[in-house]
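Below is one structure; the comments refer to it alone.
Lettering follows sequence order; numbering is per chain, from 1.
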Amino acid sequence: MIALVDCNSFYASCELVFRPDLVGRPVVVLSNNDGCVIAANKEAKALADIPMFEPVFKIKKQLIANNVVFFSSNYTLYGEMSQRVVNILKTFSSKVEVYSIDESFIDLSTVPHEELEAFGHQIKNTIYRLTGLPVGVGIAKTKVLSKLANKMSKKIPNKNHVCVINSDDDRVKALKWSPVTGVWGIGKKHSERVIAIGVATAYDFTQLPMAWVRKEMTVVGERTWRELRGESVMEFITEPKKKKAIGTAKSFGKKLESLDIIEEACSYYVGEVAEVLRAQNSCASAIHIFLVTNFFSTKDKQYSNSITVKLAMPTNDTFILVTEAKKALHLIYKEGYKYKKVGVNLLGITPEEYVQGNLFKIPTESKKTLTKVVDELNVKFGKLKVSSALVGTRVKEWELIKEERSPRYTTQWKEILTLKDT
DNA sequence: TCTGGGGTCCTAGGACCC
DNA sequence: TCTGGGGTCCTAGGACCC
């Protein structure tokens, strides 16, 4: 059996751990640049007119009228809280698959069937006691069914956030309970397609002929279909795989026109992704740069372009990557537009130890030592404290807007929580 | 005025190889 | 008159996830 443990309203819950004074009030967390609502606690969700991913400016009045508390996103805090949860899960099972920042699958094959529900409650209570975060636990034979059980654990009140699909009878009931939209792996497009042919519930979906599912939804759909029918076909992945692409693309705090400032943002992003690349001991053999104007704007002229450049030799050296990225950016930049976003992707990622030189270049050791020292300094003194001068220094011009960011309670001594006598 | 960011997997089709 | 067969690799685009 497999459990899916998922934190409720994760980002909002993280904020509330450190702000118990706000418990009971509606709380939302905003995306980068405070653009959209990306998380809401149950009090905020109860105000039905706050849809997720709604641009904040459209609903700001309602939020204020309902006394909603806003937070800008604080990924440092969420990442660290996530790690705490994972550490606890590892005490319950030797096999844990971290699926996302707020969800993990854990293997429960050693737990007797009749004890599963109690075990689920124990996981839930322990996490709450040690971190302050509320979680839901879904337990079933396959990953897709445990996702479904997890959803039931939250939606069905008497489940009390733990739900076990233990028998085939349970499974059929669960499938009939679940609308086909919302099944893990069946997104908007596919659910429209199956609804059009009369499928309403997950159960109906499992009654479709396999050949149809395979043809219309590829092997991905077929896997979902099999897993819903109780056949476990999805691998349990305990070792995180190395990334095949590493990218970043963030909207600017304001629209930018001039090439040199965009260049600095671009170089800064290259610095970020190169660090991730080195952390997984890999090199990139190509770099992809894109540049876009604000496509929501109706009055500004629109332009977007992208370019992929192959590198002479795979590398993870920030200096080389920044130089190549700038050259590429110059090729796609056109004057006279108001740009909203620049993006960087590292592609063709290969393990560092397999990098081959070529007729004209051989890998050099000295630069490797330099970047290694730079990485170590940054781990010790903070993100990108030491970086190439190519990256520039005018960060303020393009940086993200985060007006309501909470303190980084768990990672910065200066921002640690203080307790007062009352 | 203001509209997120980071990923994975699969397939079809083209270019190329012997 | 007749014009092969079996592959690999790469890319773009689509679908999905959180």
Under a 4.5 Å cut-off applied to non-hydrogen side-chain atoms, are A/His190 and A/Arg193 in contact? yes
Have a look at A/Lys60 and say if it touches a base, only the backbone sugar-phosphate, or nothing, with a 4.0 Å heavy-atom cut-off. nothing
Any side-chain N or O of A/Arg223 less than 4.0 Å from the OP1 or OP2 oxygen of B/dC9? no
Could you give the distance separating B/dT3 and C/dC18 at their P atoms, to the nearest angstrom? 25 Å
If you look at every strand shown and take non-hydrogen atoms under 4.0 Å, does A/Thr308 touch a base, only sugar-phosphate, or nothing? nothing
Taking every non-hydrogen atom, the tightest pair across A/Leu346 and A/Ala284: CB-CB, 3.9 Å
How many Å lie between CD on A/Glu404 and C1' on B/dC2, as a whole number? 15 Å
Within less than 4.0 Å of OP1 or OP2 of B/dC2, is there a side-chain N or O belonging to A/Lys255? yes
Which of the following nucleotides, B/dG7, B/dC2, B/dG4, is nearest to the side chain of A/Phe57? B/dC2
Considering only heavy side-chain atoms of A/Lys341, the closest of B/dG7, B/dG5, B/dG4 is B/dG5
Does the ring center of A/Tyr11 lie less than 6.0 Å from the ring center of A/Phe71? no
Considering only heavy side-chain atoms of A/Lys310, the closest of B/dC9, C/dT11, C/dC18 is C/dT11
A/Val219 has its side chain closest, among B/dT8, C/dA15, B/dT11, to B/dT11
With a non-hydrogen cut-off below 4.0 angstrom, is A/Leu30 in contact with a base, only sugar-phosphate, or nothing? nothing
Hey, does the side chain of A/Lys340 come within less than 4.0 Å of B/dG4's phosphate (OP1/OP2), counting only N and O? no
From C/dC18, B/dG4, B/dG6, nucleotide with atom closest to A/Ala249 side chain: B/dG6
The side chain of A/Lys189 is closest to which nucleotide in this list: B/dT3, C/dA15, C/dC18? C/dA15
Sugar-phosphate, base or nothing in reach of A/Lys215, heavy atoms under 4.0 Å: nothing
With heavy atoms under 4.0 Å as the rule, sort A/Tyr99 into base, sugar-phosphate or nothing. sugar-phosphate
To the nearest angstrom, how far is A/Tyr78 atom OH from B/dG6 atom P? 16 Å
Short side-chain N/O contact to B/dG5 OP1/OP2 from A/Lys250, under 4.0 Å: no
A/Asn345 atom CG is separated from B/dG5 atom P, nearest whole Å, by 13 Å
Any salt bridge between A/Lys147 and A/Glu103, counting N to O under 4.0 Å? yes
When all nucleic acid strands are considered with a 4.0 Å heavy-atom cut-off, which category describes A/Asp102: base, sugar-phosphate, or nothing? sugar-phosphate
Expressed in angstrom and rounded to an integer, what is the separation of A/Lys242 atom NZ from B/dG7 atom P? 16 Å
Among B/dG4, C/dC18, B/dG7, find the nucleotide with the atom closest to the side chain of A/Glu103. C/dC18
Among C/dC16, B/dT3, B/dT8, the one nearest any side-chain atom of A/Ala245 is B/dT8
Any idea which of B/dG4, C/dC18, B/dC2 is nearest the A/Phe296 side chain? B/dG4
Ion pair A/Glu235/A/Arg223, N-O distance below 4.0 Å: no
Choosing from B/dG5, C/dC17, B/dC10, which nucleotide comes nearest the side chain of A/Thr218? B/dC10
Is there a side-chain contact between A/Lys327 and A/Val309 (heavy atoms, below 4.5 Å)? no
Once you apply the 3.5 Å cut-off to both distances, tell me the Watson-Crick or G-U wobble partner of B/dC18, or none. C/dG5
Should A/Lys244 be listed as having a side-chain N or O under 4.0 Å from OP1 or OP2 of B/dC9? yes
Taking for each residue the nucleotide of DNA chain B with the nearest heavy atom, is it A/Thr248 or A/Lys58 whose nucleotide lies nearer the 5' end? A/Lys58
May I ask you to verify if any side-chain N or O of A/Asn33 is less than 4.0 angstrom from the OP1 or OP2 atom of B/dT3? no
Do the side-chain N or O atoms of A/Ser251 get closer than 4.0 angstrom to the phosphate oxygens (OP1, OP2) of B/dT3? no
When all nucleic acid strands are considered with a 4.0 Å heavy-atom cut-off, which category describes A/Val37: base, sugar-phosphate, or nothing? nothing
Does some side-chain heavy atom of A/Phe252 sit less than 4.5 Å from a side-chain heavy atom of A/Ile261? no
Using atom NZ of A/Lys143 as one end and atom P of B/dC9 as the other, report the distance to the nearest whole Å. 11 Å
